[in-house]
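Values reported hereafter were calculated over all heavy atoms of this structure, with side chains retained and with hydrogens, waters and symmetry mates removed.
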Amino acid sequence: MEIPPFPKPESLEAAFALQKALAQRVVLAGSLEGVRRIAALDASHKRGKPLVAVAVLYHLERGPLSVGLGVVPEAALFPYIPGLLSFREAPAYLEALRALPEAPEALLVDGQGIAHPRGLGIAGHLGVHLDLPSLGVAKSLLYGRPEAPLPQEAGSAVRLLSPDGRPLGYAYRSRAGVKPLYVSPGHRVGVEEALAFARALPTRFRLPEPLRLAHLEAGKALRALD
DNA sequence: GCGACAG
DNA sequence: ATCTTGTCGC
């Protein structure tokens, strides 16, 4: 898998301009039917420590296959600024992906896809950078609003709309009695197809199993640093 | 000017 | 992301 370097923007203006340019490359069409091997991406961080990123190579029928780690020293990190998350975490994710024994067919990312002020959340940024299908599954909302209250039933979903009424993704209740997740396409997948894929993921608790495993591994790896 | 604000 | 005890509930 080709993994180009991820240059750190020299200014906020440059970061915004890059997002706008890359957002134009996003392809909002495609199905993930037939995709079996995905990489689930999540990160853990504590001030004073490096950022630890994890890529779990996960086969939808066989379960987890391997875990890749990416570690970036705090001093090398772009600051966390809402809307600019990819500049902080993507370099670590690329490192984690390089550590995998084989390339995934798609990316499942903890964060937004197109449900983002400039249409390029971290899922889309990584998808375009690697030319891979990707979707974002976020635990909270950054941009857009659900068009109606989300029913309590497991599996229910309501569209997420931009301020001007464009569909960005879905608020999605993965299990009864849990807070919603926010699903949006990153790259090379449609809005409906992204939701269909999320719904088909094995889900024992709130997070789809691949992301939950990535979350657990990231926390474990961070603790193991000291 | 006042909020909102992924991880 | 992390800081944090008990507490409600399956």
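Using cut-offs of 30° and 60° for the angle between ring planes, the Phe87(A) and His125(A) rings count as perpendicular.
OP1 or OP2 of dA6(B) has not a single side-chain nitrogen or oxygen of Lys139(A) nearer than 4.0 Å. Between Ser140(A) and dG7(B), a side-chain N or O to OP1/OP2 separation shorter than 4.0 Å is present. OP1 or OP2 of dT2(C) sits under 4.0 Å from a side-chain N or O of Ser44(A). Between dA6(B) and Tyr80(A), a contact under 4.0 Å exists linking OP1 or OP2 to a side-chain N or O.
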Atom pairs, protein N/O to nucleotides 7-10 of chain C N/O, distance under 3.5 Å:
none

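Using a 4.0 Å heavy-atom cutoff across all strands shown, Leu141(A) reaches sugar-phosphate atoms only and no base atom. Residue Gly177(A) is classed as having no contact, given no heavy-atom separation below 4.0 Å to the nucleic acid. Note on Leu84(A): a base of the nucleic acid sits closer than 4.0 angstrom, heavy atoms only.
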Could you walk me through whether Glu95(A) and Arg98(A) pass the salt bridge (charged side-chain N to carboxylate O under 4.0 Å, His left out) test, one step at a time?
CA-CA 5 Å; Glu95(A) 196 175 304; Arg98(A) 287 186 193 101; 5.5 Å; no
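With dA4(B), dG7(B), dA6(B) as the choices, the nucleotide that has an atom nearest any side-chain atom of Asp110(A) turns out to be dG7(B). Comparing atom distances between the Leu85(A) side chain and each of dC5(B), dG7(B), dT2(C) picks out dG7(B) as nearest.
For the side-chain contact (heavy atoms from CB on, under 4.5 Å) test, residues two or more places apart in sequence or in another chain that qualify with Leu132(A) are Met1(A), Pro104(A), Leu107(A), Leu130(A). Applying the side-chain contact (heavy atoms from CB on, under 4.5 Å) criterion to Arg145(A), with sequence neighbours excluded, gives Leu141(A).
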Tabulate below the donor-acceptor pairs under 3.5 Å that side-chain atoms of residues 154-161 of chain A make, not counting sequence neighbours, or state none.
{"unit_1": "Ser156(A)", "atom_1": "OG", "unit_2": "Pro151(A)", "atom_2": "O", "d": "3.0"}
{"unit_1": "Ser156(A)", "atom_1": "OG", "unit_2": "Glu153(A)", "atom_2": "O", "d": "2.9"}
{"unit_1": "Arg159(A)", "atom_1": "NE", "unit_2": "Glu147(A)", "atom_2": "OE2", "d": "3.1"}
{"unit_1": "Arg159(A)", "atom_1": "NH2", "unit_2": "Glu147(A)", "atom_2": "OE1", "d": "3.2"}

With a cut-off of 3.5 Å and sequence neighbours excluded, list every side-chain donor-acceptor pair involving residues 109-121 of chain A.
{"unit_1": "Asp110(A)", "atom_1": "OD1", "unit_2": "Lys139(A)", "atom_2": "NZ", "d": "3.0"}
{"unit_1": "Asp110(A)", "atom_1": "OD2", "unit_2": "Lys139(A)", "atom_2": "NZ", "d": "3.0"}
{"unit_1": "Gln112(A)", "atom_1": "NE2", "unit_2": "Ser140(A)", "atom_2": "O", "d": "2.9"}
{"unit_1": "His116(A)", "atom_1": "ND1", "unit_2": "Arg118(A)", "atom_2": "N", "d": "2.9"}
{"unit_1": "His116(A)", "atom_1": "ND1", "unit_2": "Gly119(A)", "atom_2": "N", "d": "3.4"}
{"unit_1": "His116(A)", "atom_1": "ND1", "unit_2": "Leu120(A)", "atom_2": "N", "d": "3.3"}
{"unit_1": "His116(A)", "atom_1": "NE2", "unit_2": "Gly83(A)", "atom_2": "O", "d": "2.8"}
{"unit_1": "Arg118(A)", "atom_1": "NE", "unit_2": "Gln19(A)", "atom_2": "OE1", "d": "2.6"}
{"unit_1": "Arg118(A)", "atom_1": "NH2", "unit_2": "Gln19(A)", "atom_2": "OE1", "d": "2.9"}
{"unit_1": "Arg118(A)", "atom_1": "NH2", "unit_2": "Gly83(A)", "atom_2": "O", "d": "3.3"}

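For the 3.5 Å distance criterion, the side chains of Glu74(A) and His45(A) qualify, holding a donor opposite an acceptor.
Stems are defined here as 3 or more consecutive Watson-Crick or G-U wobble pairs with pairing distances under 3.5 Å; none involve DNA chain C.
Spacing between atom CG of Leu181(A) and atom P of dG7(B) amounts to 10 Å, rounded to whole angstrom units.
Using a 4.0 Å cut-off between a side-chain N of Lys or Arg and a carboxylate O of Asp or Glu, Arg204(A) and Glu209(A) qualify as a salt bridge.
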